[in-house]
**Student:** 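I am attaching a structure below and will ask some questions about it afterwards.
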Amino acid sequence: MAATRRLSHTVAVITINHPPVNALSSAVRRSLVKEFGDADKDPSVEAIVLSGANGKFSAGADIREFSTSAFKTVPSLEEINGTIEGSRKPVVAAIEGVALGGGLELALACHYRVADIQAHVGLPEVLIGILPAAGGTQRLPRLIGVPAALDMIVRGSRISATEALQLGIVDEVVQNNTIEAAIQLARKVVGRPLDIRRLSAVPVRSPPSIDAFLDAAMEKARRQFRGARAPLACIEAVGASVKLPYSQGVAKERDLFLSLWATGQPQAQQYAFFAERGVGKWSLPTGGRWDTVPPKPIRSAAVIGLGTMGRGIVISLSKAKIPVIALEQDMKQLEQGSKAVNGLLEREAEKMKKQGQTAALGNGLGSVHFTVDFGELRDVDLIIEAVYENMKLKKEIFRRLSSICKPDAFLCTNTSGLNIDEIASVTNRPQQVIGTHFFSPANIMRLLEVVRGRETSLTTIATAMNIGKVLGKVAVLVGNCPLFVGNRMLGPYLDQANYLLEEGCRPEEVDQALEEFGFAMGPFRMMDLAGLDVGWRSRMEKGLTGAKVPAGTPTCQRGGTRYSPLADMLCELGRFGQKSGKGWYQYGEPGGRNAKPDPWVLVFLEMYRSTHQIKQRPVNREEILERCLYALINEGFKVLEDGIASGPEDIDVIYNNGYGWPKHTGGPMYYAATVGLPRVLEQLEKYYKANVDVPNMKPTFLLKKLAAVGGPPIKEWRTQLGNLSNKL
Ligand code: 3HC
Ligand code: NAI
């Protein structure tokens, strides 16, 4: 049964039972109607408690049903909510685990809500491209006021039970026995008037000048969620809760839901939702299945190097309550690193306190011990190295770890692109060496690329993937090649951005086009933020800078391949980006964050073009987008061909979570599928013809193959990939 009912004295306890998350499928909805109807008719029942089985109230509507006819079958969740709210007998929601989306909407239709202290509630629909569509946009503002409701709905944030109590979303928070507490409350309120508990009938508390408030919210959302339609629809729906009576507000909510569906964005975001959950389940291109191998428990960890990345990794581990040893090369660096880490830990503890998450265990964080002594790492289960990106140094560290650490310890490197096999080769346990590529800032960014080396064992992979989960990251397993997946695909994208400047664009024009497409930041603002000198130093180390190019060639080349020396030239002039106050933009002062177009850059570009006799030409937005995006996508196909990512979903998860790719387009590979692979191929061929010295624009074999069969839906690509790998 999708929902069951039992009697506790005079209280009927209805339990949603649809593992794993009690999603409100059509079967659950039908079952709920029956159980509520029976409880209503039963004269021995004075009150009703609604709960979820297995410690979870409900994760909301069954997302898998959205694209099927089951979603449209009656009764709708909104109808059920109306029935519950209208019940003559008091209904109390007993919230354990999560009440998300339709789950919270169901709880809002109940007259009272009791939550377990560990529970979380929220309306995350916006994150899957839709809006709460079972009265949530109308009931929540009536309960907690427009500003707080709007904030929760537009951001899709999940809040703790303690915060929910402070906001007035729940009436009680209990330490344990939530269902028993709900039964007690239900008994207590029998006979009390229910009208004031029926949210649809409660007046909305709204700011005095609601129009100005909503306009400002719209403006902010347009800036913040570039191109995404759902946040705007959420604002419109909340606005309707103020301006329209409940019944019309709900009708508006429904219309907005349908109009969003027609944009294709919900489908893209729901693909991204399931892609994220699927990344842990694919077999290796080599055939091995790591997901059937049990991961080793990690009870202690160490981080080597407390720079930008090491600090964030320490915080992540500590937040997951894993005791960490944090090691630096000398006392001075240790002092600096520990000060930064302690500052971040204090902020985390403060945040957790506010959310009511500080448990019996001190401040709810794992301990951090600082040292410069490698000897202290001898008993640690897992070590993550995060020193400078230098192969010689990394090898030195791994050699040392190999002799000091216990034989079953796992050795991980945070390298952003060095050869894992080469690093592993200096150890006595290459099977326990793996790349754990965090993204900056490591305590915030969700992505973790787990890089398997040639000899990495399935247990090591399973353990690293599990650590990603424990840290709350989205871990994606990738193969070992220069720059792995994300950074490798970024190269051709940045190359195109640079070529566009050579040919006639301004940095802000390129950035604007890509930001309008939905990127959090265009390529030039991103390079300025990351620091242009990072890439420049690494190119210099490898002898790859090419600023000294002969004049008179229209495009500069290096080794027969087009190469733009513009970034190197900026670095030679000390323009490293934000850190030096100037880069592709000007920032007023070193460390400034406000990017302003710099007239100097235009003069610089003009001089460059005149030196190389490049005739400036107008480049339209379409060309900017196609060249940058298709170059990146083409490299994605190459990554698939090379077996570095196991499928297109993995690439999309990487880009959605680590590179600010607009999730409402699904990710680069999903986006290519929606554009149509024949079209992507046609345009790439055109651009490649005009630039044969840009090899990464040459359409890949896999793209051609998929385009030749008409560009099948993305879920069929793996089959084609399988056929392809048989032939390679
Ligand atoms: N519908 C269908 N399947 C769902 C689901 C949902 N709402 N929520 C989770 N699942 C599935 C996942 O796909 C996964 O399936 P799998 O085992 O086959 O891969 C399984 O449940 C477990 O999910 P997670 O791996 O994500 O488990 P976690 O424990 O890490 O997280 C969770 C649990 C916090 C509930 C998380 O899954 C989540 O955030 N779910 C989505 C919540 C959401 O967006 N709700 C709104 C739905 S839309 C809605 O309600 C519309 C309404 O307004 C009408
Ligand atoms: P960083 O320069 O900020 O910090 C490196 C730290 O390592 C310094 O604090 C230094 O003192 C320490 N260190 C150097 N030698 C050491 C030794 N022998 N023993 C102990 N500590 C030592 O570097 P960052 O940016 O944190 O990068 C670290 C690694 O992470 C690199 O491999 C980098 O490629 C990678 N990475 C960097 C990202 C970024 O955005 N900065 C993103 C993802 C990966």
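Small disclaimer: the values here were computed from a predicted structure and weren't measured. Counting convention: from 1, in listed order, for ligands and their atoms alike. All values below come from the heavy atoms of this structure, side chains included, with hydrogens, waters and symmetry mates left out.
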**Student:** Evaluate the 4.0 Å heavy atom contact test for atom 8 (N) of ligand 1: does a protein atom fall under the cut-off?
**Tutor:** yes
**Student:** For atom 19 (O) of ligand 1, find the nearest protein heavy atom and state the residue, atom name and distance (0.1 Å precision).
**Tutor:**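 The answer is Lys281 NZ, 2.5 Å.
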**Student:** Would you mind listing which atoms of ligand 2 come within a distance below 4.0 Å of any non-hydrogen atom of Leu393?
**Tutor:**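 In order of number, 15 (N), 18 (N).
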**Student:** Using heavy atoms and a threshold below 4.0 Å, how should the contact between Glu105 and ligand 1 be classified: side chain, backbone, both, or neither?
**Tutor:**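 For Glu105, only side-chain atoms sit under 4.0 Å from ligand 1.
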**Student:** With atom 6 (C) of ligand 1 as the reference point, say which of Ala61, Pro19, Gly60 has the nearest heavy atom.
**Tutor:**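 It is Ala61 whose heavy atom sits nearest to atom 6 (C) of ligand 1.
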**Student:** Under 4.0 Å between a Lys/Arg side-chain N and an Asp/Glu carboxylate O for Lys715 and Glu649?
**Tutor:**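 Salt bridge between Lys715 and Glu649, a charged N being under 4.0 Å from a carboxylate O: no.
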**Student:** Report the distance from atom CG of Leu401 to atom CD1 of Ile423, rounding to the nearest 0.5 Å.
**Tutor:**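 Reported to 0.5 Å precision, the distance equals 11.0 Å.
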**Student:** Between Lys394 and ligand 2, which part of the residue brings a heavy atom under 4.0 Å of the ligand: side chain, backbone, both or neither?
**Tutor:** side chain
**Student:** Counting only heavy atoms, which portion of Phe439 has something under 4.0 Å from ligand 2: side chain, backbone, both, or neither?
**Tutor:**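 No part of Phe439 is near ligand 2 at this cut-off.
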**Student:** I'd like to know if Arg139 and Glu85 make a salt bridge, using a cut-off of under 4.0 Å between side-chain N and carboxylate O.
**Tutor:**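 Answer for the salt bridge query: yes.
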**Student:** Using non-hydrogen atoms of the residue, decide whether Ala386 is closer than 4.0 angstrom to ligand 2.
**Tutor:**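 True for this residue.
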**Student:** Can you check whether a protein heavy atom sits less than 4.0 angstrom from atom 13 (N) of ligand 2?
**Tutor:**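 Flag for atom 13 (N) of ligand 2 set to true, protein heavy atom closer than 4.0 Å.
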**Student:** Looking at Pro124, which atoms of ligand 1 are within less than 4.0 Å of one of its heavy atoms?
**Tutor:**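 Answer, ordered by atom number: 43 (C), 44 (O), 45 (N).
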**Student:** What part of Gln333, side chain from CB on, backbone N/CA/C/O, both or neither, has a heavy atom under 4.0 Å from ligand 2?
**Tutor:**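 The answer is the side chain of Gln333.
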**Student:** Short check: is a protein heavy atom less than 4.0 Å from atom 28 (P) of ligand 1?
**Tutor:**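 Neighbour list for atom 28 (P) of ligand 1 is empty of protein heavy atoms (cut-off 4.0 Å).
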**Student:** Which one of Thr308, Leu418, Leu306 has a non-hydrogen atom at the shortest distance from atom 3 (O) of ligand 2?
**Tutor:**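 The nearest heavy atom belongs to Thr308.
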**Student:** Among all protein non-hydrogen atoms, which one is nearest to atom 15 (O) of ligand 1, and what is the separation to 0.1 Å?
**Tutor:** Arg64 NH2, 4.1 Å
**Student:** Return the residue, atom name and 0.1 Å-rounded distance of the protein heavy atom closest to atom 20 (C) of ligand 1.
**Tutor:**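 Sorting protein heavy atoms by distance from atom 20 (C) of ligand 1 puts Pro20 CG, 3.6 Å first.
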**Student:** Would Met309 count as being in polar contact with ligand 2, using the rule that some N or O on each side must be under 3.5 angstrom apart?
**Tutor:** yes
**Student:** Mind checking whether Val98 has an N or O less than 3.5 Å away from an N or O of ligand 1?
**Tutor:** no
**Student:** Please list the nearest protein heavy atom to atom 2 (C) of ligand 1 with its residue and the distance rounded to 0.1 Å.
**Tutor:** Asp62 OD1, 3.3 Å
**Student:** Write out the residue and atom name of the closest protein heavy atom to atom 20 (C) of ligand 2, then the distance separating them to 0.1 Å.
**Tutor:** Gln329 N, 3.3 Å
**Student:** So which heavy atom in the protein is nearest atom 22 (C) of ligand 2, and how far is it from that ligand atom?
**Tutor:** Val387 CG1, 3.5 Å
**Student:** Could you say whether the N/O atoms of Ile128 and ligand 1 ever approach to under 3.5 Å?
**Tutor:**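 No, Ile128 has no N/O under 3.5 Å of an N/O on ligand 1.
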**Student:** Heavy atom under 4.0 Å from ligand 1: found in Val21's side chain, backbone, both, or neither?
**Tutor:**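 Within the 4.0 Å criterion, Val21 contacts ligand 1 through side-chain atoms alone.
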**Student:** Where is the nearest protein heavy atom to atom 24 (P) of ligand 1: which residue, which atom, and how far?
**Tutor:** Arg277 NE, 3.7 Å
**Student:** With a 3.5 Å distance limit and no angle check, can you tell me whether Glu385 reaches the backbone of Val387 through a side-chain donor-acceptor pair?
**Tutor:** yes
**Student:** Applying a strict 4.0 Å limit to heavy atoms, is Phe273 in contact with ligand 1?
**Tutor:**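 Contact present.
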**Student:** Give the atoms of ligand 2, by number and element, whose distance to some non-hydrogen atom of His437 is under 4.0 Å.
**Tutor:** 43 (C), 44 (C)
**Student:** Does the N or O separation between Thr415 and ligand 2 drop below 3.5 Å for any pair?
**Tutor:** no
**Student:** Under 4.0 Å, heavy-atom basis, I'd like to know which part of Phe257 is in contact with ligand 1: side chain, backbone, both or neither.
**Tutor:** neither
**Student:** Would you mind listing which atoms of ligand 2 come within a distance below 4.0 Å of any non-hydrogen atom of Ile397?
**Tutor:** 17 (C), 18 (N), 19 (N)
